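First up is the structure itself, then whatever we jot down about it.
The structure displayed is predicted, hence computed values, not measured ones. Each chain gets a letter, A, B and so on, in the order the sequences are listed, and its residues count up from 1. Heavy atoms only: backbone and side chains are in, while hydrogens, waters and symmetry mates are out.
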Amino acid sequence: MSSIATGLNPEQLAAVEHGQGPLVVFAGAGSGKTRVITRRVAHLIEAHRVPPYRILAVTFTNKAARELRERLEQLTPGQAKSLWVGTFHAVCARLLRAHAAQIGLRKDFVIYDDADQKSMLTRVIDGMDLDDRVFPPKQVAYRINTAKQEGKSPDMLEARDPFERTVREIYAEYEERMAAASALDFGDLIYRLVRELDQKPELRAALKARFSHVLVDEFQDVNHVQFAFVQALCEEHRNLCVVGDDDQSIYRWRGADRRNILEFRQHFPDATVVKLEQNYRSTQRILRAANAVVAHNLEREPKRLWTENEDGAKVTVVACDDDRDESHTVVQAMLMLADNGYARKDLALLYRTHAQSRVFEEALRRSNLPYRVIGGLRFYDRAEVKDLLAYLRVIHNPADDVSLVRIINKPARGIGKTTLERMTETAARGGTSLYAALLALRDDSSQPAASRKKLAAFTELLDKLTERKDRGPATLARDVLAATSYIDALRAEDTPEADSRIENIQEVLTSMDQYEADASEPNLTEFLELVTLETDADRSVTDDAITLMTVHAAKGLEFPVVFVAGLEEETFPSHRGYAGEEDPDELEEERRLAYVAFTRARERLFLSYANQRRIYNDIKLRRRSRFLDEIPRDEVNLVGAARRPSAPAPMRSPYGGGSSSYSSGSNYNAGYSASRPPARSVTSRPAQRVEPPRGSYIDRSEANDLDGGIALGMRVQHSKFGIGRVTAVADGVPPRVTVDFPDGSRSIISSYLTPV
DNA sequence: TCCGAATTAATTTTT
DNA sequence: TTAATTCGGA
């Protein structure tokens, strides 16, 4: 038992040993949050004799869930297996399956990811004879997802204008098609469960008695339905422990509501509050820089994050001429670090958007530095992988329309557009699945014989495969590949792309074998669920390579050396290109994102920007991010091509008059005293509090007010479509308006329009 | 029905 | 720029 308390500071210990009732832990970056959660669960099991299966721990990623389970296995051998640990999505999926009959769901429902959802919506919109330029599936999907995050069914959706009324109808129709396919989208997993909990007292009673202790990690990123779910589970015992950091809330666009943690005490007035403010991860300088930036936010829980770690090196700001220069300089620095005691896997490059990875990838390849990109295109999103999985899904559940459409003519078997249209029509008329319609057409003697024959061949193939359904996913997948000659077709192509596709398929097969070896009762349903809920970030790092990823993906990770690239206005902070002044909430979220990025670094932090950048065709002048100017000058070492007398639009900084006073001429490599510091000694220096600089809000009098707002009825110009009139305005991300152009109505992102 | 060519729209972040 | 989708000819 002593092992549970070893090495904890008083606040951590208080959180670990807290007894009954609600608990909120404000855990600053690097304050040992994971440690507290792990120890607390172990403590509940060991000291309070809580059976593991009555403890639920919700994490943000599958990887975090796995790690939690592994660490607990070490702390409490043999007990961790029966714990409930997982993401909201995984946990809710499991509960939905367990109570499927009660809820009126098929136990083996499939989960649709975003791409599946979008193709379902495309089919729905098409089937309703609507113009998908006026109702772009992506935009409708965004609205439906938002509705589900807020717990709204179609009839609860606002419909103030014709556009919104139609969206509501699409939503309703979509729900019916999803039910017919016995499919749930990501949003459904939580929303449906919460809805059932509201409507079925027996279910609510069962679930609130199911767990005795609930823990939620990254609570600042929980949205409305997720909180409702947690509240329902805890309303009886009230043993709810939430852990989070409002400064690290970066998922507002996904419905995350920081008020959930900031106002936790209003929901649970008797909640115990613990603040973890000692940082064990970063150097003083890194922490001071990060603190100074986030201190510019107005709406936050006051806190003082401090560390006993040494001062460390100054934060290096790398000023570059252009994007090529930036990638080159960053890679040079990486090479130097790699020569001076750092392993490649100690280095990470973070950026705001995936699109930024390209230039760096090229530069890294040229320098023969091994790297891995996290995110972007998910492994399971690759076309060939999706094809194979679609076969498995149809075998598993023939009513899965989206998957059926995907494979029906892959490989080409002469079932084309005409036949598919006929099927869709029949299905719509009879209110059945596409597969049922397919069978009907096959058996309908009034149909053309040639098409009937092709359909029969296809169903025969499926039937043959379905017979072997229970032999495990891996075997089944190999059967599918053999029966469709999928790999043979790729091999015949004999191109590098085809080869890499074959490799990807091999990798799926390997992961299936792995799954069968690991799972207690391997089955197709579980495997398919695992695969759709798995993110790229969940795949673990083993090889010695530099990691490239978005700041979002870096949440919860740490690296000895972190590079953050593209610190420029419009990019980081990003802005949605909406006309007029900036949204202060959005800017504050960007600042929190910067805070997350900076605090990933343990020893060295490099921040880079370019004065001009190639975007599409032309070269755009860029302005250094205001976040850079929010870092105290003393913590910064400026290197690189900062010789330009002044940036395009000099910014006033609280630490100096303008950019010229900031830079100190061209001292190209001055910043790289790159060798790794000796292993950190256990210092017992008195704690130095790091205070944010006071009164340093930047005067941004030259804020861009170039383009005016787009409003209803306004005449606007688009570079391609010419001049038109705005007929509807929709807020959203990004904001769009519907415009009547000479050649028809279109939905356009408003930043692509100029008023005339 | 299929394939390559032409067209067109788009850049945030993800379970 | 480039990815995705549509189009047109075979």
Side-chain angles (χ1 to χ4, degrees), chain A residues 58-65 86-93 111-115 117-118 122 132-133 136-138 142 145 148-149 184-191 218 221-223 225-226 249-256 323 350-359 374-378 381 383 409-420 450-451 454 529 532-538 549-555 566 570-577 586 589-590 592-593 596-597 613-619 718-721 733-734 736 743 746-749 751-752:
Chain A
V58 184
T59 57
F60 199 71
T61 61
N62 295 298
K63 190 176 162 202
T87 61
F88 273 104
H89 299 265
V91 167
C92 289
I111 300 170
Y112 275 7
D113 66 17
D114 285 349
Q117 179 188 40
K118 214 184 111 215
T122 307
D132 63 2
R133 285 172 309 181
K138 221 173 135 184
Y142 172 76
N145 294 338
K148 287 180 177 176
Q149 279 157 20
L184 297 182
D185 61 35
F186 281 153
D188 279 329
L189 294 174
I190 300 135
Y191 160 68
E218 307 282 10
D221 282 323
V222 162
N223 67 32
V225 257
Q226 290 170 337
S249 169
I250 54 176
Y251 284 95
R252 193 170 69 110
W253 48 276
R254 213 171 73 187
D323 44 349
L350 311 183
Y351 35 74
R352 183 66 239 281
T353 66
H354 286 303
Q356 293 170 253
S357 74
R358 242 191 122 94
V359 238
I374 308 280
L377 190 56
R378 258 178 17 146
D381 284 344
N409 201 30
K410 205 170 282 172
R413 49 173 74 88
I415 306 178
K417 215 163 77 186
T418 328
T419 316
L420 196 57
S451 130
K454 287 169 187 161
E529 175 177 318
T532 33
L533 294 181
E534 186 92 353
T535 331
D536 210 32
D538 293 329
M549 63 182 138
T550 64
V551 181
H552 281 90
K555 181 163 116 160
E570 321 262 290
T571 300
F572 201 172
S574 121
H575 84 148
R576 341 185 255 179
E586 192 187 317
E589 175 133 327
E590 294 293 318
R592 291 193 292 271
L593 206 46
V596 169
R613 192 175 285 280
R614 214 192 167 76
I615 295 181
Y616 305 137
N617 265 341
D618 50 5
I619 289 163
H718 185 272
S719 56
K720 279 269 156 53
F721 306 127
V733 188
R736 285 167 171 277
D743 59 332
R746 274 160 203 280
S747 170
I748 306 277
I749 292 177
S751 59
Y752 286 87

Record whether the side chain of A/Arg352 comes under 3.5 Å of the base of B/dT13 through a donor-acceptor pair of N or O atoms. yes
Nearest whole angstrom, please: distance from the P of B/dT15 to the CG of A/Asn145. 14 Å
Taking only the side-chain nitrogens and oxygens of A/His354, find out if one of them lies under 4.0 Å from OP1 or OP2 of B/dT14. yes
Say you draw a straight line from CZ of A/Arg254 to CG of A/Asp221; how long is it, rounded to the nearest 0.5 Å? 7.5 Å
Figure out the CG/C1' separation between A/Leu184 and B/dT15, and round it to whole Å. 14 Å
How would you list, by chain and number, every residue that makes a side chain to side chain donor-acceptor pair (under 3.5 Å) with A/Thr571, sequence neighbours excluded? A/Arg622
Within less than 4.0 Å of OP1 or OP2 of B/dC2, is there a side-chain N or O belonging to A/Asn409? yes
To the nearest 0.5 Å, what is the distance between CG (A/Asp185) and CD (A/Gln117)? 4.5 Å
Where the side chain of A/Ala553 is defined as all heavy atoms beyond and including C-beta, which of B/dT14, B/dT15, B/dT12 is the nearest nucleotide? B/dT14
With pairs taken as Watson-Crick or G-U wobble and both distances under 3.5 angstrom, which stems of at least three consecutive pairs involve DNA chain B? B:1-10 with C:1-10
Working to the nearest 0.5 Å, report the span between CD of A/Glu529 and CG of A/Leu184. 10.0 Å
Residues forming a ring-ring contact (aromatic ring centres under 6.0 Å, His included) with A/Phe60, sequence neighbours excluded: A/Tyr251
For A/Cys92 and A/Ile190, which heavy atoms make the closest approach, and how far apart are they? SG-CG1, 3.8 Å
Do A/Arg352 and A/His552 have side chains that approach each other closer than 4.5 Å (heavy atoms only, starting at C-beta)? yes
Interatomic distance where CG belongs to A/Leu350 and C1' belongs to B/dT13 [whole Å]: 13 Å
A/Met549 CE - B/dT12 P separation (whole Å): 21 Å
Distance between C1' atoms of B/dT12 and C/dT5 (Å, rounded): 23 Å
Taking atom P of B/dT13 as reference, at what distance in whole Å does atom CD of A/Glu218 sit? 19 Å
Could you tell me the separation between the CZ atom of A/Arg613 and the CD atom of A/Glu570, rounded to the nearest 0.5 Å? 12.0 Å
For A/Tyr251, report the nucleic acid contact type (base, sugar-phosphate, nothing); a contact means any heavy atom under 4.0 Å. sugar-phosphate
Once you round it to whole Å, what is the distance between C1' of B/dA10 and NZ of A/Lys138? 8 Å
Given atom CD of A/Glu570 and atom P of B/dA10, what is their separation to the nearest angstrom? 19 Å
By centroid distance (under 5.5 Å) and plane angle (under 30°), are A/Trp253 and B/dT13 in a stacked arrangement? yes
The answer to which of A/Thr419 and A/Leu593 contacts DNA chain B further toward the 5' end, by nearest nucleotide, is A/Thr419
Nearest whole angstrom, please: distance from the P of B/dT12 to the OH of A/Tyr351. 16 Å
Could you list the protein-to-nucleotides 2-6 of chain C atom pairs, N/O on both sides, closer than 3.5 Å?
residue : atom : partner  : partner atom : Å
C/dT2   : OP1  : A/Arg358 : NH2          : 3.0

For A/Asp188, check side chain to side chain donor-acceptor pair (under 3.5 Å) against everything at least two apart and list the hits. A/Lys148
Residues at least two apart in sequence or cross-chain that pass ring-ring contact (aromatic ring centres under 6.0 Å, His included) with A/His89, listed by chain then number, are A/Phe186
Any side-chain N or O of A/Thr550 under 4.0 Å from OP1/OP2 of B/dT12? no
